[in-house]
Amino acid sequence: DAGVTQSPTHLIKTRGQQVTLRCSPKSGHDTVSWYQQALGQGPQFIFQYYEEEERQRGNFPDRFSGHQFPNYSSELNVNALLLGDSALYLCASSLLGGGTQETQYFGPGTRLLVL
Amino acid sequence: GIQVEQSPPDLILQEGANSTLRCNFSDSVNNLQWFHQNPWGQLINLFYIPSGTKQNGRLSATTVATERYSLLYISSSQTTDSGVYFCAVMINFGNEKLTFGTGTRLTIIP
């Protein structure tokens, strides 16, 4: 049973560029959440996707957008990269199912460095 | 929004020692999880524990929801226990994002 997978593992971009990060949820899960973790801090919630729609969003600008595909995998897109976007981006999957969420499982993350 | 504070922020122990990590939260929660983040950044699930007590090997956790705190106990520490420990909470149905605490950095010295 594969866990949550993310790609790529590392990425270097320059300011102003755009980036796409990818996530495949744990088998049987239908919900994907994205988090940003800056160095020395706890993860911060970006947004959550369920049934191919953005279900909830944290306090992040519109430069951050996402998508969920019919197979439940997800992408995180960041436009017009800023130096401050350098962080570890974590994807978490869970089963929303009957209306409540329990355990969220995290992928290994993508380390993004913006120069 | 809900505030989640963890203490102590840093903890350095000899191998074999026991430790207690605390998580305080400012509002009622319906989901609380403990994670261990290893040096490579992977968040490893330890416990899903919105209330009550659970044990898994050398680790155990207790959440007293009415008093808004949770404790993580690590007994007979090993060097592989080193890393950052986070608690994360979810406040209610329909607002199902995890809010993470400030973390406790644990260093186990051989």
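Order of the sequence lines fixes the chain letters, A, B, ..., with proteins taken first and strands second; residue numbering starts at 1 for each chain.
By the neighbour-count criterion of 12 heavy atoms within 6.0 Å, atom CG of A:Asn71 is densely surrounded, having more than that number from other residues, nucleotides or ligands. For B:Arg58, the CZ atom is densely surrounded, since the number of other residues' heavy atoms within 6.0 Å is greater than 12. Counting non-hydrogen atoms of other residues, nucleotides and ligands closer than 6.0 Å to CZ of B:Arg68 gives a total above 12. No more than 12 heavy-atom neighbours from other residues, nucleotides or ligands sit within 6.0 angstrom of CD on B:Glu5. With a 6.0 Å radius and a threshold of 12 heavy atoms from other residues, nucleotides or ligands, A:Leu39 has its CG atom at or below the threshold.
When heavy atoms are compared at a cutoff of 4.5 Å, A:Gln44 does not approach chain B at all. With a 4.5 angstrom heavy-atom cutoff, A:Phe47 does not touch chain B via any of its atoms. Interface remark: B:Phe47 contributes no atoms to any contact with chain A (heavy atom separation under 4.5 Å).
The minimum heavy-atom distance between A:Gln56 and B:Lys97, with the atom names listed, is OE1-N, 3.9 Å.
No other option in A:Gly109, A:Ala92, A:Gly58, A:Gly107 has as many heavy-atom pairs under 4.5 Å with chain B as A:Gly107.
Hydrophobic clustering (ILVMFWY, side-chain heavy atoms < 4.5 Å, transitive): B:Val89 and B:Tyr69 are in distinct clusters. Taking hydrophobic clusters as Ile, Leu, Val, Met, Phe, Trp and Tyr residues chained together by side-chain heavy-atom distances below 4.5 Å, A:Tyr50 does not share a cluster with A:Phe69.
With values rounded to the nearest 0.5 angstrom, A:Phe45 atom CZ is found 9.0 Å from B:Thr99 atom OG1. Rounding to the nearest 0.5 angstrom, the gap separating the CG atom in B:Leu98 from the CG atom in A:Leu90 is 11.5 Å. Taking CG of A:Leu88 as the start and CH2 of B:Trp40 as the end, the distance is 14.5 Å to the nearest 0.5 Å.
Between the side chain of A:Gln41 and the backbone N or O of B:Gly103, no donor-acceptor pair lies under 3.5 Å. Using a distance-only test at 3.5 Å, with no hydrogens or angles considered, a donor-acceptor pair links the side chain of B:Gln33 to the main chain of A:Gln104.
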